[in-house]
Amino acid sequence: MHSKFILYLSILAVFTVSFAGGERFKEAPKFFNSPECLTIENDEDFVCSDKAIHVAMTLDTAYLRGSMAVILSVLQHSSCPQNIVFHFVTSKQSHRLQNYVVASFPYLKFRIYPYDVAAISGLISTSIRSALDSPLNYARNYLADILPTCLSRVVYLDSDLILVDDISKLFSTHIPTDVVLAAPEYCNANFTTYFTPTFWSNPSLSITLSLNRRATPCYFNTGVMVIELKKWREGDYTRKIIEWMELQKRIRIYELGSLPPFLLVFAGNIAPVDHRWNQHGLGGDNFRGLCRDLHPGPVSLLHWSGKGKPWVRLDDGRPCPLDALWVPYDLLESRFDLIES
């Protein structure tokens, strides 16, 4: 009996540590298609359906609360919510994360895809903010390899944003035949700051940003992108991004995580998207995360890129004014902090 009790305590200790700092989320309401929607039948393979709006996101414990808010905002503002298929890329604890999604969205059409962290870890260089060094932050580089080959187009979304408009408008963005992705561009940003003096002083490197470009390269935020996966695969763009990451390990040419390789490969060669689809920077800068206002113009998507995340600032009792716009999509019901053994 004594040995069984010790075994029980050992199992409880493992359980307690594994679930320390857990969160419990409310079940979201179910949203239904408008009459004009081409409804995906229950027996149809929705993962590859050409009737579906495909959305790709990463899923992890650190940003789970943000991810749940994204899902709710997408469904709530969609005219065809039952046609949305989510593709979640995760590096660990996929079963536990899947349970969270099912509990809050029991009707959701989704698939979870494992991500090999070891394959990317050796290519990651330290950046100006530790959160940017997470291997999952680089999963967007590999979407064309991770997601089913039957998918031709997907909208990629970060986990620190909410939509207040119909995602079908973003998903249907016109992308020319010779272009791989679409995103809002910001040509008033100081493009030179995204690369080091080493990069700019080397003509063989800096000339990259003027060769074979449709337009002058401009900054774009990789947290909101419409990606043509078939074209990506055909152009072997994962390899092109990795080559820049490998060079970065030998010669430091940038400081900011996963963004610069995308700029080097795609800036000047993307399809434009209205700025309303990425009101970014609401999390402030990467160092202090101070409050910011919206950019001028209409809003379809609010993005808390930067250090400050709305759920963190709210929990700390130091919310920014715009964080109130995120609150209606927060499904957190309670947080249980079990004692670690």
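These figures come from a predicted structure and were not determined experimentally.
- In this structure, the side chains of Leu136 and Tyr63 stay at 4.5 Å or more apart for every pair of heavy atoms.
- The aromatic rings of Phe266 and Phe262 lie tilted to each other, with the angle between the two planes from 30° to 60°.
- Note: the hydrophobic cluster containing Phe32 does not contain Ile40 (ILVMFWY, side chain heavy atoms under 4.5 Å, direct or indirect links).
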Steps toward salt bridge (Lys or Arg N to Asp or Glu O under 4.0 Å) verdict (Arg239, Asp236): CA-CA 6 Å; Arg239 178 186 58 79; Asp236 200 10; 2.7 Å; yes
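- Taking a 6.0 Å sphere around NZ of Lys240, one finds it holds more than 12 heavy atoms contributed by other residues, nucleotides or ligands.
- Between Asp323 and Trp311, the side chains place no donor N or O within less than 3.5 Å of an acceptor N or O (distance only, hydrogens not considered).
- In this structure, Asp316 contributes its side chain and Arg318 its backbone to no donor-acceptor pair below 3.5 Å.
- Between the side chains of Asp166 and Ser79, a donor-acceptor pair is found at a separation under 3.5 Å.
- Side chain to side chain, His275 and His295 fail the donor-acceptor criterion of an N or O pair below 3.5 Å.
- If you check the side chains of Arg140 and Thr222, you find a donor sitting under 3.5 Å from an acceptor.
- Using cut-offs of 30° and 60° for the angle between ring planes, the Tyr100 and Phe25 rings count as perpendicular.
- Of the listed residues (Asp158, Leu161, Leu163, Val273), just one forms a side chain to side chain contact (heavy atoms under 4.5 Å, CB included) with Val224, and that residue is Leu161.
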Given His87 and Phe110, is the ring pair (Phe, Tyr, Trp, His ring centres under 6.0 Å) satisfied, shown in steps? CA-CA 6 Å; His87 303 266; Phe110 75 94; 9.9 Å; no
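- Using a 30° and 60° split on the angle between ring planes, Trp200 and Phe195 fall in the perpendicular class, above 60°.
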